[in-house]
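Notes follow once the structure below has been shown.
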Amino acid sequence: MKNCINCGAEIKKMDNYCRKCGNKIRNNGYYIFVNIVSVLLLIGIILMVVLFVLSYII
Amino acid sequence: MPEKRCVRCNATLEENDNFCYNCGHWTSHGYKYFKNKNNTKVLMGSALKQSNRVNYLIILFLISIVTFLVCINIRGLSLFKPFAYLKKEIISYKYGYNSSLIKSNNIYNNKKIESDDDAISNIIYDSDSQDWLCSYDKKVIDIERRLEKKYGILSVSFCDISYEEASKIENVINNTLDLFPNIYGQLTNITLSNSKEMGEYVAYFQPIYRFINGSSDITKYNRVNKTQILLNSYYFLNIDKTKSIIDSKYNSGYYVKNGNMESLIAHELGHYISFVTLLKSNNINNTRFEDINNTLAINNINNTINSGSYAKELALEALQGKNIETECNKISEYACTKRNDSYIYEEMIAEAVHDYYINRDNSQDISKKIVSILRSRL
């Protein structure tokens, strides 16, 4: 039996939404994807700025 | 007790459900539950933050696109200079010597070239588009611009050559070309280059390098040719490592005495000056733009260079009946270079210029004579 990541309430197999807090039930892969892509984009922006500065120095 | 059902989707609900498990709609129990403000913190769990992260993702994506576009718009390809620097460092570590990333042997085919101006802009673009592969040194760039302006050279690219070395090269070019009149505008490039074989040459003159449409039909595509001097990066980027090789060649008498690595450029300029006299004797201004009207003349020039007949005629005029073996050995061993048992007279002429550049009034008589003939033909 899974638990809601928002409130910790028990989730049944066929549930689309948490019965306690109404959070839409998504699989772990969704959250992993969103977090990883966010971090990558942030790193990308920082890298771009660093590259921009370094291109004047080197 | 009647079954509790969702008012939106009619799913069967349990007594304590705050939200419908099927469509997420509020239930009456949920409404009462969340009227108590203490219970609202259930809604603010980590999933809400996770859901918001999707919005952040979209915003981040847009920011990254805009940042990239702004940076590339301002810097162009120079934005990637740090990568080029890193690649050069890796090559240096891997092979034990410094190397350049620029390519001096680009060739294009089936490209529309309408005029000499097109030819000029393509030659300049081929060099400028590789600027990002080179380290930035304003003082070296200033030297490049000075040489381009003074001698009408379309592109001078010293790339990663140090300022000290570039100054020496500038000195050699100035002190050699200033000896000769009317040599403005025929040289298209002086550029750093990687030779295929390490140590193949220190510097090299290419009178007619087929740059654009060299193997295309001249009736359909006009051609662009470069007249260029290549500086081998193996020597010019690794002065300390290659000094002993150069010194040993000078000490053994292979090259003209009292010379150094940079003065070898005077040798290549000797080839260039000889080439210019050949062009002038054929009433050709330059060979960079080749079309159906002048292709025959340019091919004749190429054939003359390959046969060595012009250089031979010039050398014999300077020798005035004297023994060539004796005279060329006075200059250097390299001046007496042979191919298939025949002297390569171009090398004698170039070494004569080299000798005159270094030793001036103390140069060999044959060198002075050759220089005098070259001047008269300009």
Side-chain angles (χ1 to χ4, degrees), chain A, chain B residues 9 11 13-14 16-27 29-30 33-34 39-54 56-68 70-72 74-86 88 132 134-136:
Chain A
M1 200 68 74
K2 284 197 306 185
N3 291 82
C4 172
I5 74 156
N6 196 42
C7 63
E10 226 174 81
I11 302 169
K12 293 180 185 164
K13 200 175 175 185
M14 299 308 291
D15 286 356
N16 296 331
Y17 293 84
C18 172
R19 293 167 190 258
K20 187 173 179 184
C21 68
N23 172 49
K24 185 164 172 49
I25 308 297
R26 299 182 196 272
N27 60 29
N28 284 338
Y30 172 86
Y31 295 111
I32 291 169
F33 171 78
V34 167
N35 287 335
I36 287 175
V37 173
S38 298
V39 168
L40 286 176
L41 283 174
L42 206 58
I43 290 171
I45 290 168
I46 294 168
L47 192 70
M48 195 71 55
V49 173
V50 168
L51 210 60
F52 184 78
V53 171
L54 281 179
S55 71
Y56 279 102
I57 299 169
I58 290 173
Chain B
C9 66
L13 303 172
E14 289 178 12
N16 294 327
D17 285 351
N18 294 331
F19 294 89
C20 171
Y21 70 90
N22 186 47
C23 67
H25 196 265
W26 288 94
T27 67
H29 183 274
Y33 183 79
F34 288 110
N39 293 334
T40 56
K41 63 184 177 212
V42 167
L43 294 173
M44 303 301 289
S46 60
L48 188 70
K49 298 189 182 78
Q50 294 288 353
S51 294
N52 280 346
R53 206 157 282 184
V54 176
Y56 295 145
L57 188 68
I58 294 167
I59 292 168
L60 270 177
F61 181 72
L62 290 171
I63 291 173
S64 64
I65 297 284
V66 168
T67 308
F68 176 75
V70 166
C71 289
I72 203 94
I74 296 172
R75 292 297 283 150
L77 283 175
S78 295
L79 183 67
F80 304 108
K81 266 186 193 272
F83 291 121
Y85 176 80
L86 199 62
K88 280 184 280 190
W132 70 280
C134 305
S135 303
Y136 175 77

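Letters go in sequence order (proteins before strands), and every chain restarts at 1.
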| field | Contact class of B/Ile72 relative to chain A, heavy atoms under 4.5 angstrom | value | neither

| query | Which residue out of B/Gly30, B/Cys134, B/Cys20, B/Cys23 racks up the most heavy-atom pairs below 4.5 Å with chain A? | reply | B/Cys23

| Taking everything shown except B/Phe61 itself, do over 12 heavy atoms lie less than 6.0 Å from its CZ? | no

| request: Find the distance between CG (B/Leu57) and CG (A/Asn35) and round it off to the nearest 0.5 Å. | output: 9.5 Å

| field | Spatial distance of atom OG1 (B/Thr67) from atom CD1 (A/Ile46) [nearest 0.5 Å] | value | 11.0 Å

| task | State, with a plain yes or no, whether a side-chain heavy atom of B/Leu79 is found less than 4.5 Å away from one of A/Met48. | result | yes

| said: Could you measure the distance from the CG atom of A/Asn23 to the CZ atom of B/Phe19? Nearest 0.5 Å is fine. | reply: 9.5 Å

| query | Looking at B/Gly24, B/Ser135, B/Ala84, which one has more heavy-atom pairs under 4.5 Å with chain A than the rest? | reply | B/Gly24

| message | I need the minimum non-hydrogen distance between A/Ser38 and B/Leu60, along with the two atoms involved. | response | O-CD1, 3.5 Å

| task | Nearest 0.5 Å please: distance from the SG atom of B/Cys71 over to the CD1 atom of A/Ile45. | result | 10.5 Å

| Between the side chain of A/Asn16 and the main-chain N/O of B/Asn22, is any donor-acceptor distance below 3.5 Å? | yes

| query | What heavy-atom pair brings A/Leu54 and B/Pro82 nearest, and what distance separates the two atoms? | reply | CB-CG, 3.6 Å

| field | Shortest non-hydrogen separation from A/Met14 to B/Tyr21 and the atoms involved | value | O-CD1, 4.4 Å

| message | Does A/Phe52, at its CZ atom, have more than 12 non-hydrogen atoms belonging to other residues, nucleotides or ligands within less than 6.0 Å? | response | yes

| request: Find the distance between CD1 (B/Ile74) and OH (A/Tyr56) and round it off to the nearest 0.5 Å. | output: 6.0 Å

| said: Let me confirm one number: the OG-CG distance from B/Ser78 to A/Leu51, rounded to the nearest 0.5 Å. | reply: 11.0 Å

